[in-house]
2 protein chains.
Amino acid sequence: MRITRETDYAIRCILYLSELPDKVAMAGEIAEAMKIPKSFLAKILQKLTRAKIVHSFRGVKGGVRLAKKPEDISLLDVINTIEGDVGMNICAVNEKACDQSKECSVHHIWIEIREAVENILKRYNFENLRK
Amino acid sequence: MRITRETDYAIRCILYLSELPDKVAMAGEIAEAMKIPKSFLAKILQKLTRAKIVHSFRGVKGGVRLAKKPEDISLLDVINTIEGDVGMNICAVNEKACDQSKECSVHHIWIEIREAVENILKRYNFENLRK
DNA sequence: CTAAATAGGATAAAAATAGTCTTAATTATG
DNA sequence: CATAATTAAGACTATTTTTATCCTATTTAG
Ligand code: SF4
Ligand code: SF4
């Protein structure tokens, strides 16, 4: 019932970029500062780029910077980008995944938890997260 | 960020036993009723037995029944038994797991979520879960 | 004594996680 | 234009976790 290391790395990465909103930072620089394996971060940045959370520049003096203001990026956005929907059980994400969901008395609890977790994750953005 | 099938099976199993509080049910019977692979359920029942959530009887006419009243078994109890602490990130379970937890501005959010999830999971016991 | 049941442990297949590596495309600069 | 630096994309790999199964031992009602 955990987020993955990949997601934790993605969050750290956005945290770093939020401190330097206009700088174009290279993957290597972020990796070193936030202690993320460099080639793994490169793949994570690709996902964040496709999700339009960061904007990337190729070539010499390339790198990445945030594509939005820190306050417009929530923790939930980053988690959704890296690992998809937040659900504590398959049935909270896809009703059809379990054929018992209609009669199951536990099903609604997973929905309730999902909503509670998403609400917390939406409340935090990378502006109010800065110390 | 999901509970495992094993945990879902354990919950279904307690759900079944809660409907028959005094009956000594065999693993095979529970497995069939709740659509749980039988030999997997056998292992799950061992964990539930060690945790004193169910009481088991060996030999002919053996089986398991709840060791407590349904209202004294929470969803959290079952989850803790099968997969340990509920934490959305390692640092919410073990501070030492990440050396950045002191300076990390996200750390406290995982603690907040952990507490929110645990509170929901504590509210539901197998008495108030029965339809 | 025997058949039926759980206990415990070893084993195994499949999936997910956590990365690495290679090649291609892009681009600033000399 | 040539080159070096950088991301993009995808193949590949190692490790760990998940999801079981199977075998042997122990227990016990009849
Ligand atoms: S909680 Fe109920 S509906 Fe959801 S996966 Fe488990 S059995 Fe299916
Ligand atoms: S949230 Fe912060 S403290 Fe927790 S694991 Fe990630 S980096 Fe470490």
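Residue numbering restarts at 1 for every chain, and letters A, B, ... go by the order of the sequence lines. All values reported here derive from a predicted model rather than from experimental measurement.
- Contact annotation: Ser56(A) side-chain N/O to dA8(D) OP1/OP2 distance is under 4.0 Å.
- Nucleotide dT19(D) holds its P atom 12 Å from the CZ atom of Arg2(B), rounded to whole Å.
- Regarding Arg65(A), its CZ atom lies at a distance of 17 Å from the P atom of dT6(D), rounded to whole Å.
- Each of Ile3(A) and Gly59(A) has a nearest nucleotide on DNA chain C; the 5'-most of these lies closest to Ile3(A).
- Close to dT27(C), at under 4.0 Å from its OP1 or OP2, lies no side-chain N or O of Lys61(A).
- Note that CG of Leu129(A) and CD1 of Ile14(A) are 11.5 Å apart. Values are rounded to the nearest 0.5 Å.
- Across the protein-nucleic acid pair, Asp8(B) atom CG and dT18(D) atom P stand 14 Å apart, rounded to whole Å.
- For the pair Ile82(A) CD1 and dG19(C) C1', the computed distance is 14 Å after rounding to whole Å.
- Here Arg114(B) pairs with Asp85(B) in a salt bridge; the nearest charged N to carboxylate O distance falls below 4.0 Å.
- A donor-acceptor contact under 3.5 angstrom links the side chains of Arg5(A) and Asn89(B), judged on distance only.
- Side-chain proximity of Arg58(B) to the nucleotides dT26(D), dA20(D), dT20(C) is greatest for dT26(D).
- Of all nucleotides listed (dG19(C), dA7(C), dA9(D)), dA9(D) comes nearest to the side chain of Lys43(A).
- We find that CD of Gln46(A) is positioned 9 Å from C1' of dG10(D), with the value rounded to whole Å.
- A donor-acceptor contact under 3.5 angstrom links the side chains of Glu95(B) and His107(B), judged on distance only.
- More than 12 heavy atoms of other residues, nucleotides or ligands shown are found within 6.0 angstrom of CD on Gln100(A).
- Residue Thr4(B) places its side chain closer to dT19(D) than to any other of dG19(C), dT6(D), dT19(D).
- Taking only side-chain nitrogens and oxygens, Tyr9(A) never comes nearer than 4.0 Å to OP1 or OP2 of dA18(C).
- Gly28(A) comes within contact range of no nucleotide atom at all, as no heavy-atom separation falls under 4.0 Å.
- Under 4.0 angstrom from either OP1 or OP2 of dA9(D) there lies at least one side-chain N or O belonging to Arg50(A).
- Counting to the nearest Å, the P atom of dT7(D) and the NZ atom of Lys38(A) are 8 Å from each other.
- Within 6.0 Å of CD in Glu71(A) there are more than 12 heavy atoms belonging to other residues, nucleotides or ligands.
- Rounded to whole Å, the distance from NE2 on His55(A) to P on dT27(C) is 10 Å.
- Among the protein residues, Ser39(B) comes within range of the nucleic acid bases, having at least one heavy atom under 4.0 Å from a base atom.
- No contact: Ala42(B) has no heavy atom under 4.0 Å from any strand.
- In terms of position along DNA chain C, the nucleotide closest to Phe40(A) lies nearer the 5' end than the nucleotide closest to the other residue of the pair Val60(A) and Phe40(A).
- Taking the side chain of Met26(B) as heavy atoms from C-beta on, and the options dA8(D), dA5(C), dA20(D), the nearest nucleotide is dA5(C).
- Atom-to-atom, CE of Met1(B) to C1' of dT17(C) comes out at 14 Å; the value is rounded to the nearest Å.
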